Structure formats: C-alpha cells, structure tokens
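In what follows, a single structure is set out as structure tokens and then discussed.
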Amino acid sequence: MSFYQRQGELPRKRHIAFRRGDGRLHCEELISRDGFSGTYSNLYHLAMPTRVREAGAFRSWRAEAAEGGHGARHIRSFALPRAGDFVSGRRLLFFNEDVLIHKVHPVVGQEEFYRNGHFDELVYVQAGKGRLETQYGSLEFLPGDYLVIPRGVICRLAFAEEGAGMPSLLVVESASAIQTPRRYRNAFGQLQEHSPYCERDIRVPRLQSPREEQGEFPVRVRLRHGWQELVYDRHPFDVVGWDGTHYPWAFSIHDFEPIVGRVHQPPTVHQTFEAAGFVVCSFVSRPFDFHPEAIPAPYPHSNVDSDEVLFYSSGEFMSRKGIHEESLTYHPMGLAHGPQPGRYDGSIGQKETTELAVMIDTFRPLAISAEGLAVEDREYALSWVRDG
Ligand SMILES: [Fe+2]
C-alpha cells in the first residue's frame, strides 16, 4: 500500500535512541520490500524482534497437480469439509508459479501465530466475522471484505462466532506484492478520480496496547516448499508505534463502485487488485448496459493468454446456470466460454444485476489439485450443449 500511516508512539527521527520511561531502549525493526528500495515500515518493539528461542520441525510441502485434462470446470467449493483453522484448514484448489488459490472452512480460531514468509495473501471473506490480529494492530472483518496481508506480517485470525457462524474464506497466495491497479494510481501513488475505490475506502489496523509477555510463542512460518515452526520468547505484539507504507489493510467489495456503460464493459473495469502474473476483479450489483439494443450478458470470449477462475459469492449470476453460492468456475486460456444456453438472449432488456463474484485471471496456466477435482461437477464442461 502506498499511503503513509503512523500509529502509537514514535521517536522524532528514524534510527535514534527511543527510550521507555525507565530508560530502557525500544527496539526498532525496519520491514522493507525490494531490499531497501520498496515500501517499508518502522516498528518500535519493547523487546528485540529477533528472539527465537527454539527452531522447531521443518515439514516439507509442495503443491501437487492432479491429472485433470483440459476443459471448463465447475468446482463445488461449498462441498469441501470444515477443518482446522485459518492456516491448517486451507484446501488448495488451483495453482501456478505466481499464485495459489485455497478455500478455507475453519472450525477453530488460531491459537498459534502465523507468518507467510514467501507469499503475500489476499483473503476474501465469503462468510463470518472476526478480527485479524497483527503486530501492526487489529482489523475487524465482515463478509465481503478483502484482507491484504503482505508477507512478513505476524498474524492470527480470531472469529466472532463458533459453529454455524464460522467463516468461509477464499485465500489467494501471491508470489509477488498484491497492489492497487497501477492504471488507477497517479505519479504519487494516490488513487485517481476514475478509480472504483480510493484511500478513504481502505481500512488499516488499529494498534493495540503492547503485550509485554515472556514465555513460549510459537509462530508457524509458511515457506515456498514447506513449513517451519519457530518459538519466540516474547509476545510478538509488543509494538508501541509504527509508521510507513508496508502494513496489512482491508477493503470491502461493497465499497467497489462499478463502472457501467451503454454496451457491455470488459472485465477490465472490474479490476480491483494486481500482482505479477494475475489480476483480481470484483463483480458487484450494478445497472446493466443502457443502449436500447444492448446485450448485457458477456459475449463468448477466448482469452488466449489467461486462465480464469470465478468465485460466485452471492446473488443471481447473469450468465450461468447450475451455479451456487461458493461455486468456482475455471475456464482455461484459449477455450471459448460465455453465457449458458438461454442466458445470452435472455439478458436483453434486463436492467440490473445483483451478482457478487470475485474473479482471478492468471497469465500462466493453472494446475488443479486432487482436492479440487474431488468436488468437481463433471457435467459443467458440456453444459453449453446438454442444457441447450
Ligand atoms: Fe470469462
């Protein structure tokens, strides 16, 4: 995120002695991207953030592709079982070198802390309420929120309710930074007037009272090819102040202002985030195209350079039949797709849509996992002929 934030207590300048009331020094931590050239924040801790007391087990893990063949898919992600917490409950569905797409239906909040060492994360909250707790502070979340958690952030996800109110989350891991679309930013990084959302729509964590606790604080660290358990001897949320441009943030899909036109607008107008190798788009409630002869449903299209994953969040999705809340469709590059039978001509004259969906378009082919294939609706690939 490119806009500067400051919270809590800070020394007058960077890198000078900053003491507590009893004379002890605070410990400054610089967290920066692209070496020392990208966005960064300075955090001021009560204790050194380097105090690992135990390096636990390393468990190797690699995403494994299933033999799936080539074709359109409908993945019934709502049928995935409930298990684990925000981290251990992840069910990988699709992946490539740039991005991994998981679904999580947790049954418990996190006990341990978590840090993704090699990927930035984007969490779409399909259902459930709770709080993202980080060393930068806490951020409340609601259904429809996107949480952007850059790598390096030590965090924990707490849920407001147990049982029926447990969350359903779509989690995207990105090998590069997840950012606002470049074309909406001015030369100073500010979101411009034509952007569908702006800084005022973005929520940042609120710093909590620093925790001065000694003991055993396990942190699960996600690495490219495995998991490392580290145990710190101080509570990681011992920050008295921070400032800078590297921090987690939230944005609600309900604050995305749709761009509409007289005739069908390309998915580009729905773009919400960008990263190297993929984009994320939000399809929200909006008036339909208003040319008197407009066809509001999308024209069949072949994106020969992108794989498309669409997650159906709620509402009636205008171009699809047989799709439910939390369905995921996959359309591989080069294979034409478009409205289901009856939906193309049937859209003429319609005035608005209440659809809510999240699209991930990747620029390299995606592989599907065995867990994804296990909940596939195998009728979908031929549904343009069979249903017609
Ligand atoms: Fe498409």
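Fair warning: this is a prediction, and the values are worked out from it, not measured in the lab. In each ligand, atom 1 is the first atom listed, and ligand 1 is the first ligand listed. The first residue of the sequence shown is numbered 1, and numbering continues consecutively from there.
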Would you call H225 and W61 a side-chain contact if the rule is heavy atoms closer than 4.5 Å?
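No - every pair of side-chain heavy atoms lies 4.5 Å or more apart.
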Tell me how many protein N, O or S atoms are within a distance shorter than 2.8 Å of the Fe ion (ligand 1).
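Protein N, O or S neighbours of the Fe ion (ligand 1) under 2.8 Å, waters not counted, come to 3.
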I want to know whether H324 and Y312 have ring centres closer than 6.0 Å.
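That pair fails the under 6.0 Å test.
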Would you indicate whether R14, at its atom CZ, is surrounded by more than 12 heavy atoms from other residues, nucleotides or ligands within a distance under 6.0 Å?
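No - once you tally the heavy atoms of other residues, nucleotides and ligands closer than 6.0 Å, there are 12 at most.
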How about CZ on R378, more than 12 heavy atoms from neighbouring residues, nucleotides or ligands closer than 6.0 Å, or not?
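Buried by this count: over 12 neighbours within 6.0 Å.
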So, using side chain to side chain contact (heavy atoms under 4.5 Å, CB included) as the criterion, who are the partners of P287 when residues are at least two apart?
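P287 satisfies side chain to side chain contact (heavy atoms under 4.5 Å, CB included) with V260 only.
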Should the pair R115 and F113 be classed as cation-pi, given the thresholds of under 6.0 Å to the six-membered ring centre and 45° from the axis?
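Not satisfied by the 6.0 Å and 45° rule.
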